[in-house]
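Accompanying notes for the structure given below.
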Amino acid sequence: MSLLQVRNLEAFYGASQALFGVDLEIAEGELVALMGRNGMGKTTTVRAITRMLRTSRGEIRFDGHDLSVLPSFRAARLGIGLAPEGRRCFAGLTVHENLMASARPGEWTIAAVTGLFPRLGERMEQTAATLSGGEQQMLAIARALMTNPRLLILDEATEGLAPVVRQEIWAAIARLKQGGQSILVIDKAFSELRAMADRCVILTRGRTVWTGAPGQLTSETETRLLGV
Ligand code: ATP
């Protein structure tokens, strides 16, 4: 059974419709890449799944629960951990305080997340505002992990980061996948996504237009749907 099942999802910003029919499934332990050009609805899909955007229609089922009727804190408690676009760490809080603010019982503890990102361990007492962009992204992922999520969502996992830091983040994501973590990831680094994803879902103008294994993605499809 799917951990997450999204069917015919529509979503609205006020009177403006942004999603017109998104279909997306994630099985336990799967890494799914949500792809598409700028403005095609990837972040809006994440907002609807996490219930930060509640004006939606269609089916969102997570672990058997109907998320479409729940507020975002309930979605988080059911086990969806989000590292959002723009990171959104608490700038005035230390790394340790940021991590503890989201902590829930489970295998992901301070020791475990600093094992994954040793640099965070060296910066525990620094405020998030003083971290580099890469360290802030590590903190955003670590903070989502501290909720001990069944599903981890990474929106723009490596956006705007230096190549060497990107590689660190991709290596961490690979380790999470090896550990059986279910992951939905959005990023513009298509080659990394293709190498790591079990499945790709491509959106065009708020609709799912292609789903398949990365190996089935032809260069013609990539050019047409992703502009690669
Ligand atoms: P990007 O790769 O640029 O982040 P995206 O695929 O994540 O793009 P979304 O940010 O989900 O795309 O945007 C989908 C559509 O919804 C776009 O037409 C966008 O202009 C619109 N949109 C996004 N956020 C808002 C908002 N807060 N209010 C109104 N419209 C919005």
Side-chain angles (χ1 to χ4, degrees), residues 4-26 31-60 62 67-68 70-73 75-76 80-89 133-134 136-137 139-141 143-144 149 151-163 165-166 169-170 173 182-197 199-212 214 217 221-228:
L4 178 74
Q5 194 167 64
V6 173
R7 288 229 179 103
N8 205 20
L9 179 66
E10 301 180 25
F12 304 81
Y13 292 104
S16 161
Q17 187 164 0
L19 301 184
F20 295 84
V22 171
D23 298 308
L24 168 69
E25 281 192 33
I26 304 177
L31 190 150
V32 174
L34 184 59
M35 303 164 93
R37 298 181 203 228
N38 287 344
M40 291 303 176
K42 304 177 297 293
T43 294
T44 304
T45 299
V46 166
R47 287 189 189 135
I49 292 169
T50 56
R51 308 312 296 148
M52 286 150 62
L53 181 64
R54 294 183 65 184
T55 46
S56 70
R57 288 199 292 246
E59 187 181 319
I60 313 170
F62 179 72
L67 283 192
S68 66
L70 297 182
S72 65
F73 77 92
I80 300 183
L82 170 66
E85 188 177 22
R87 294 150 203 154
R88 304 194 185 279
C89 302
Q136 285 187 17
Q137 183 61 16
L139 178 56
I141 297 172
R143 196 179 51 171
L151 173 65
L152 177 67
I153 303 181
L154 308 175
D155 191 354
E156 301 290 6
T158 67
E159 177 80 358
L161 303 179
V165 184
R166 286 177 184 225
I169 304 271
W170 287 119
I173 295 171
S182 312
I183 306 173
L184 177 66
V185 58
I186 297 173
D187 205 84
K188 294 193 176 63
F190 296 139
S191 57
E192 279 84 352
L193 284 179
R194 267 200 315 266
M196 209 172 285
R199 249 157 4 90
C200 301
V201 174
I202 303 181
L203 304 186
T204 296
R205 293 194 197 85
R207 281 192 177 81
T208 297
V209 292
W210 193 91
T211 301
L217 204 49
T221 308
E222 279 193 336
T223 308
R224 187 164 46 87
L225 302 178
L226 301 173
V228 179

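In listed order, ligands and their atoms are each counted from 1. Remember, predicted model here, so these are calculated numbers, not experimental data.
Closer than 4.0 angstrom to ligand 1 sit non-hydrogen atoms from Tyr13, Ala18, Arg37, Asn38, Gly39, Met40, Gly41, Lys42, Thr43, Thr44, Arg47, Glu85, Glu156, Lys188.
Within the 4.5 Å cutoff, the side chain of Leu31 has heavy atoms near those of the Ile173 side chain.
Between the side chains of Ser56 and Arg51, at least one donor N or O lies within less than 3.5 Å of an accepting N or O.
In this view, Ala76 satisfies the side-chain contact (heavy atoms from CB on, under 4.5 Å) rule with no residue, not counting sequence neighbours. Considering only residues two or more places apart in sequence or on other chains, Arg224 meets the side chain to side chain donor-acceptor pair (under 3.5 Å) condition with Glu220.
The only option from Ile202, Leu203, Leu226 that meets the side-chain contact (heavy atoms from CB on, under 4.5 Å) definition with Trp210 turns out to be Ile202.
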Using distance only, find each side-chain donor-acceptor pair of residues 13-26 under 3.5 Å and give its atom names and separation, not counting sequence neighbours.
| residue | atom | partner | partner atom | Å |
| --- | --- | --- | --- | --- |
| Tyr13 | OH | Thr44 | OG1 | 2.8 |
| Tyr13 | OH | Arg47 | NH1 | 2.5 |
| Gln17 | NE2 | Glu10 | OE1 | 3.1 |
| Gln17 | NE2 | Leu19 | O | 3.0 |
| Asp23 | OD1 | Asn8 | N | 2.7 |
| Glu25 | OE1 | Ser2 | OG | 2.6 |

